[in-house]
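One-based numbering along the sequence shown.
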Amino acid sequence: MDYFQILCALGVVILTIYYYYSSIYSFWKNRGISGPKPTILFGNFINSAIRKLSISETIKNWYDEYKHESVFGIFEGMTPILIINDLDMIKDVLIRDFSLFVDRGFQIFPKIEPLTQHLFLLEAERWRPMRMKLSPIFTSGKLKEMFPLIMESAGNLEKYLDEVIKKNEMVECRDLAAKFTTDVIGSCAFGINTNSLLDEDSDFRRMGKKIFSPTLKLMLGNICKGIFPSLYNVIGNMFTMKDVDEFFINLVSDTMKYRKDNDIVRADFINMLMELKEHPEKMDNIELTDILLTAQAVVFFVAGFETSSSTMAFSLYELAQNQEIQDKLRQEIKKVYEKSNGVLTYTDIKEMKYLDKVFKETLRKYPILSMLSRRVMENYTFKGTKITIPKGTKIWVPVCGIQHDPNIYPEPQVFDPERFEDDAFASRHPMSYLPFGDGPRNCIGARFAHYQSKVGLITILRNHKVNVCEKTTIPFKSEERSFLLTLKGGVYLKITKI
């Protein structure tokens, strides 16, 4: 009798669990929205959780399967997410109805990860005033003031390349580019000479590497955060990098104190944060703690060095495989240098049309963020459809899928800068190209990223040639453990002096 009762109890528990998850995973089916079949607990992210596929590959595969649908539904753990394929609907989310989709939909854990309270992740209430106050640092006028600092780092990059070439070794170009972008951002944002190109043990470079190193600890933390957020809220401290947090908190507070004590004013990001701290009344009653201010500086550093360095590396990766494009770009670079008597100016960058096409095609083929995320702030029905989603539903825009759609970009695996001729670009839907997002919550540092990446590429290509080598990974294979798009094994190329 006891055994029978135990079996009955187990049966009841199993049935209860089954019906509980069945009700959760019927969310999209009940709304007439198709999508891939979820797995209990992991939803549709089991392959990403076990690192069988990268996030970018996963999203692209879903898009390819469901691109004939205007939308489809997935589950991140037990959280329903609507992925939008229809470009007009995407425009509604990002631009026309932005006020209803202002929140990115990422959950942050301030007590566990204090420095995640930054502009990219902040909820609408704090994001609006923070964005408004930080935007002036990214205007063309401010960027023009920073341009000499970018060129100073470019000079160090050229010296570093001379030393690298003497060794006659293969170069990991993502690391090379990251050293350059770290120096640029250290100078432009923090007013500090980070010396990443000349010092292999630079604290800035070491911390930057640590943030994005795909370690088991970081991987498990990200899985737990995305799929089991309630659990992460309890055990998240096990996965955090406290030394990184302490480094940046001390750096920003010490820099601010030093400048204030010595009456130092610079046209950079730290100065903007100091002004906000001194005039908190301008921030609509938002408490401007040192942690909140530091978080804004950290996201500028992290996003700026990582995305730009990856874009530079991917550009070199493609140019090494397409020598005719590389030669054409080098001709433009040399022509501009001759015209400017060997001194590159801010205006010269704007005039380099072919470089701009190469840069845009790189970001088309290799969008660093494979998707854009939003969360609806009230019940919403998409225009011209019967698709209604409840308040709080997460939305994803599958950037990597759209930018590799052969119906939008014929032969998407071919690297073709001519896709960005003015007429060709104008003929496509504006939502078909979203490497920096669009609308009011697009990337605040997009212009800065353009300029530092282009200056880095100019510096490398002007007097050097890049070629594939025996360690170059061809065809492209993304790193399964990385959230951002990364080439598995690194971007190894051969760089020679011309």
Parallel, tilted or perpendicular: which one describes the rings of [X] and [Y], with boundaries at 30° and 60°?
X: Phe476; Y: Tyr317; result: perpendicular
X: Phe239; Y: Tyr232; result: parallel
X: Trp396; Y: Phe45; result: perpendicular

Spacing of [atom1] belonging to [X] relative to [atom2] belonging to [Y], to within rounding of 0.5 Å:
X: Ile402; Y: Leu434; atom1: CD1; atom2: CG; result: 6.0 Å
X: Gln326; Y: Leu457; atom1: CD; atom2: CG; result: 10.5 Å
X: Tyr346; Y: Phe147; atom1: OH; atom2: CZ; result: 9.0 Å
X: Phe138; Y: Arg131; atom1: CZ; atom2: CZ; result: 9.0 Å
X: Leu485; Y: Ile55; atom1: CG; atom2: CD1; result: 11.5 Å
X: Leu121; Y: Glu113; atom1: CG; atom2: CD; result: 9.0 Å

Side chain to side chain donor-acceptor pair (under 3.5 Å), that's the test. Do Asn61 and Thr58 meet it? Break it down for me. CA-CA 5 Å; Asn61 289 345; Thr58 301; 5.9 Å; no
In this structure, are over 12 heavy atoms from other groups packed under 6.0 Å from [X] atom [atom1]?
X: Lys335; atom1: NZ; result: no
X: Asp243; atom1: CG; result: yes
X: Lys242; atom1: NZ; result: yes
X: Glu351; atom1: CD; result: yes
X: Lys471; atom1: NZ; result: no
X: Glu324; atom1: CD; result: yes
X: Lys497; atom1: NZ; result: yes

Please tell me whether [X] and [Y] have a donor and an acceptor in their side chains that are separated by less than 3.5 angstrom.
X: Thr345; Y: Thr347; result: no
X: Tyr409; Y: Glu361; result: no
X: Lys494; Y: Asn168; result: yes
X: Tyr354; Y: Lys328; result: no
X: Ser56; Y: Ser370; result: no
X: Tyr492; Y: Glu470; result: no

Strictly distance-based, threshold 3.5 Å: is any side-chain N or O of [X] a donor or acceptor partner for the main-chain N or O of [Y]?
X: Glu411; Y: Pro406; value: no
X: Glu172; Y: Asp175; value: yes
X: Glu318; Y: Ala313; value: no
X: Thr472; Y: Cys469; value: yes
X: Glu479; Y: Thr486; value: no
X: Asn250; Y: Glu246; value: yes
X: Ser253; Y: Ile249; value: yes

Let me know which of Arg447, Lys454, Gln452 forms a side chain to side chain contact (heavy atoms under 4.5 Å, CB included) with His450. Lys454
4.5 Å side-chain heavy-atom contact, [X] and [Y]:
X: Leu293; Y: Val252; result: no
X: Leu115; Y: Val299; result: no
X: Leu251; Y: Thr294; result: no
X: Lys465; Y: Asn467; result: yes
X: Arg419; Y: Pro410; result: yes
X: Cys224; Y: Ile235; result: yes
X: Pro36; Y: Trp62; result: yes
X: Asp88; Y: Met431; result: no

Step by step, work out the salt bridge (Lys or Arg N to Asp or Glu O under 4.0 Å) result for Lys360 and Asp356. CA-CA 6 Å; Lys360 286 177 177 174; Asp356 190 58; 3.0 Å; yes
Work out which heavy atom in [X] is nearest to a heavy atom in [Y]; give both atom names and the distance.
X: Ser453; Y: Met312; result: O-CG, 3.7 Å
X: Glu76; Y: Lys394; result: OE1-NZ, 3.1 Å
X: Gly437; Y: Asn442; result: C-CB, 4.0 Å
X: Gly456; Y: Phe180; result: CA-CE2, 3.5 Å
X: Arg330; Y: Leu461; result: NE-O, 2.8 Å
X: Pro440; Y: Leu94; result: CD-O, 3.6 Å

Under 6.0 Å between the ring centres of Phe301 and Phe269? no
Please report whether the ring centroid of Phe448 lies less than 6.0 Å from that of Phe300. yes
Here's one to test your reading of the geometry: is the NZ or CZ of [X] within 45 degrees of the ring axis of [Y] and under 6.0 Å from its centre?
X: Lys357; Y: Phe425; value: no
X: Arg174; Y: Phe314; value: no
X: Arg104; Y: Phe120; value: yes
X: Arg462; Y: Tyr337; value: yes

Does the pair Phe75 and Phe42 meet the rule for a ring-ring contact (aromatic ring centres under 6.0 Å, His included), with working shown? CA-CA 8 Å; Phe75 293 87; Phe42 291 95; over 10 Å; no
SB check Asp162 Lys166 (cutoff 4.0 Å): no
Where do Leu273 and Gln296 land on the side-chain contact (heavy atoms from CB on, under 4.5 Å) test, with the steps shown first? CA-CA 8 Å; Leu273 296 179; Gln296 312 320 309; 4.1 Å; yes
Step by step, would you call Met272 with Leu134 a side-chain contact (heavy atoms from CB on, under 4.5 Å)? CA-CA 7 Å; Met272 179 71 71; Leu134 295 181; 3.9 Å; yes
Contacts table for residues 64-73: side-chain donor-acceptor under 3.5 angstrom, sequence neighbours left out:
from: Asp64; atom 1: OD2; to: Lys60; atom 2: NZ; distance (Å): 2.9
from: Tyr66; atom 1: OH; to: Gly35; atom 2: O; distance (Å): 3.2
from: Lys67; atom 1: NZ; to: Asp405; atom 2: OD1; distance (Å): 3.4

